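The structure displayed is predicted, hence computed values, not measured ones. The chains referred to below are lettered A, B, ... by the order of the sequence lines, with proteins before strands, and numbering in each begins at 1.
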Amino acid sequence: MFDLKFIRENPQDFDRALARRGEEAQSATILSMDADHRALLTEAQEAQARRNEASKLIGRAKGQGNEDEAQALMAEVSELKSKIAELEDKERTIGDALTTLLMSLPNALYDDVPEGADEDDNEEVRTWGTPRTFDFEPKEHFDLGEALGGMDFERAAKLSGSRFVILKGEVARLERALGQFMIDLHIREHGYTEVWTPALVREAALLGTGQLPKFGDDAFTTNTDHWLIPTSEVTLTNVHAGEILDEADLPIRMTAHSQCFRAEAGAAGRDTRGMIRQHQFEKVEMVSVTTPEQSDDELDRMTACAEEVLKRLELPYRLMKLCSGDVGFGARRTFDLEVWLPGQGKYREISSCSTCGDFQARRMKTRCRQRGEKQTRFVHTLNGSGLAVGRTLIAVMENYQEADGTIRVPHVLQPYMGGLQVIGTGA
RNA sequence: GGAGUCGUGGCCGAGUGGUUUAAGGCGCACGCCUGGAAAGCGUGUUGGGUGGCAACGCCCUCGAGGGUUCGAAUCCCUCCGACUCCGCCA
């Protein structure tokens, strides 16, 4: 959410920021609403001040037994009362409208975010690793998985419909091993604290991170007014909502291995085969809460933490800097990691690391303060996948497949697989 | 799910409709005192919004939101949360 003071002082910059997002200029509308709102506030507050003063005088007059004066004052306050109610009502109406409008606007992009319409305009920052050369036609993960008896989309559909999967045997174990490996790496070597959170949240949490009010169609709800989290970014970032943090405690780095749920309402027909795009999947998420000064370095650090997972798994990838048309609603700058999938012959997104600046902090009112200082300011928040577990499973299967349909187990995962070196030998 | 108790500042805690300031304590910060410290004494100490060039004001905030009233921490309603007992349960 934007700072009204910033819009007042920099209306052109604000409109330019919206233009980069393909949004219409809003500063004139917002400033006019803001001016009306503040005028009403001032008027209402003046009336309240008079009412408060007169009410105190009533108390004093009654205490002194001066009934006539008390009656006169009560008549005055009674009149003020209806005026105040009217002013407050107007003030609230326009204030709510202003907040609703502000909550629906996307974050401003950093200047260095390249212009572009969609993912085709993203910039490649670097690549790592060399795609393996196969002396056979590499298969896609769903063919490998089904042949191994480790992936069952048909029976999953029987239970839950499309975009679900049942994993079995060594493939299921591989999925579990990947999640364990990732979170262990982040807590042992990258300084993150392991956190386990609810998967069901109230509306306020999704408003805080920015999924609501605009993108409710992408998430699942329950009959108890809960929402299923689309990512544990939601819970991790909201952990400190409404708090004032000591800057000495920042950055706070949290990681969680969670189930994620997405309705995929806008993705009809895309990635319908296999595990690329599921309604339910696992993800290891990293979230950092920082001071405004720390967030730029923290994004590079977080991205490196995600890259390290792919390096340890020896999976070729490329690092992309997202263009203006592809950066998400709440982010100011985003790096995507795309892993090489030999079966598809393409790089596919496997991680997304973003800084949100104070955009989310403002929504959820997370502040920080230097010890001894009086002034508070909003923290910066960052989130990144480290990594999407299901997609990493796909990447391992496709990159480590052999001609006979077996899958070699990456070295770093073997301890998590009881020493197993190859999946599918039937042993 | 049923029955009940409760929610006050960084923390503890008083406060059942007013008598200009949410008592008091703890903690914290600063100052005085001291050779230095402790103790003691004094001052300050929620967070937001808004008016003003400023000095300096004002409004809101006692879990949240409504309501009653001239006036609400206090009375009423809804919600959230904690706790106790019962029921159920991994």
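- In a base pair of the Watson-Crick type (N1 to N3 plus N6-O4 or O6-N4) or a G-U wobble (N1-O2 and O6-N3), with each distance short of 3.5 Å, B:U20 is matched with no nucleotide.
- Rounding to whole angstrom units, CD1 of residue A:Ile84 and P of B:G67 are separated by 13 Å.
- No salt bridge links A:Glu146 with A:Lys168; every basic N to acidic carboxylate O contact stays at or beyond 4.0 Å.
- Among the atoms of the strands shown, none is found under 4.0 Å from any heavy atom of A:Arg50.
- Nucleotide B:G42 forms a pair with B:C30, judged by Watson-Crick or G-U wobble geometry with both contacts under 3.5 Å.
- If you check B:G57 for Watson-Crick or wobble pairing at under 3.5 angstrom, you find it paired to B:U50.
- Across every strand in view, B:G35 sits unpaired, with no contact that passes the Watson-Crick or G-U test at under 3.5 angstrom.
- A parallel orientation is assigned to the rings of A:Phe2 and A:Phe6, their planes being inclined by less than 30° (bins at 30° and 60°).
- Across all strands, A:Arg8 comes closer than 4.0 Å only to sugar-phosphate atoms, never to a base (heavy-atom distances).
- Base pairing annotation: B:C11 forms a Watson-Crick or G-U wobble pair with B:G25, both donor-acceptor distances under 3.5 Å.
- The distance between atom CZ of A:Arg369 and atom P of B:A29, rounded to the nearest whole Å, is 14 Å.
- Distance check on atom P: B:A73 versus B:G67 gives 15 Å, rounded to whole Å.
- Judged purely by atom type and a 3.5 angstrom limit, A:Asn122 uses its side chain to pair as donor or acceptor with the backbone of A:Cys323.
- A salt bridge between A:Asp271 and A:Arg163 is absent, with no side-chain N of the basic residue lying under 4.0 Å from a carboxylate O of the acidic one.
- Between the P atoms of B:C12 and B:C60, the separation comes to 27 Å (whole Å).
- In the set B:G81, B:C60, B:G49, B:G81 carries the atom at the smallest distance from any side-chain atom of A:Arg202.
- Minimum atom distance to the side chain of A:Lys5 is reached by B:U50, of the listed B:C70, B:C60, B:U50.
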For ring-ring contact (aromatic ring centres under 6.0 Å, His included), just list the numbers for A:Phe164 and A:Phe153, CA-CA rounded to whole Å, side-chain angles, deciding distance to a tenth of an Å, and then say yes or no. CA-CA 7 Å; A:Phe164 289 93; A:Phe153 296 96; over 10 Å; no

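- Between B:G9 and B:C28, the two C1' atoms lie 14 Å apart (nearest whole Å).
- Using atom P as the reference point in both B:G17 and B:A72, the two lie 14 Å apart (nearest Å).
- B:A82: Watson-Crick or G-U partner is B:U5, with both key distances under 3.5 Å.
- Comparing B:G18, B:G66, B:U50 by their closest approach to the side chain of A:Ser55 singles out B:G18.
- Between B:G49, B:G47, B:C60, one nucleotide has an atom nearer to the side chain of A:Asn52 than all others, and that is B:C60.
- If you check B:G47, B:C80, B:C58 against the side chain of A:Ile244, the one that comes closest is B:G47.
- The distance between atom CD of A:Glu53 and atom P of B:C58, rounded to the nearest whole Å, is 10 Å.
- Across all strands shown, B:C88 forms no Watson-Crick or G-U wobble pair with both distances under 3.5 Å.
- Proximity of A:Thr42 to the phosphate of B:C58: no side-chain N or O atom is located under 4.0 Å from OP1 or OP2.
- A donor-acceptor contact under 3.5 Å is not formed by the side chain of A:Glu46 with the base of B:G51.
- Across all strands shown, B:G71 remains unpaired; no Watson-Crick or G-U wobble contact has both distances below 3.5 Å.
- In the set B:G49, B:G47, B:C60, the nucleotide with an atom closest to the side chain of A:Arg51 is B:C60.
- Distance A:Arg362 CZ to B:G48 P: 12 Å, rounded to the nearest Å.
- Rounded to whole Å, the C1' atom of B:G47 lies 16 Å from the corresponding atom of B:A64.
- Look at the P atom in both B:A38 and B:U45: the space between them is 23 Å, to the nearest Å.
- With distances taken from any side-chain atom of A:Met74 to the nucleotides B:G49, B:C59, B:C70, the minimum falls on B:C70.
- A:Asp336 contributes no side-chain N or O that, together with a main-chain N or O of A:Leu319, makes up a donor-acceptor pair within less than 3.5 Å.
- Between the side chain of A:Thr100 and the backbone N or O of A:Asp96 there is at least one donor-acceptor pair closer than 3.5 Å.
- Of the listed nucleotides (B:G47, B:G51, B:G48), B:G51 has the atom at the smallest distance from the side chain of A:Arg38.
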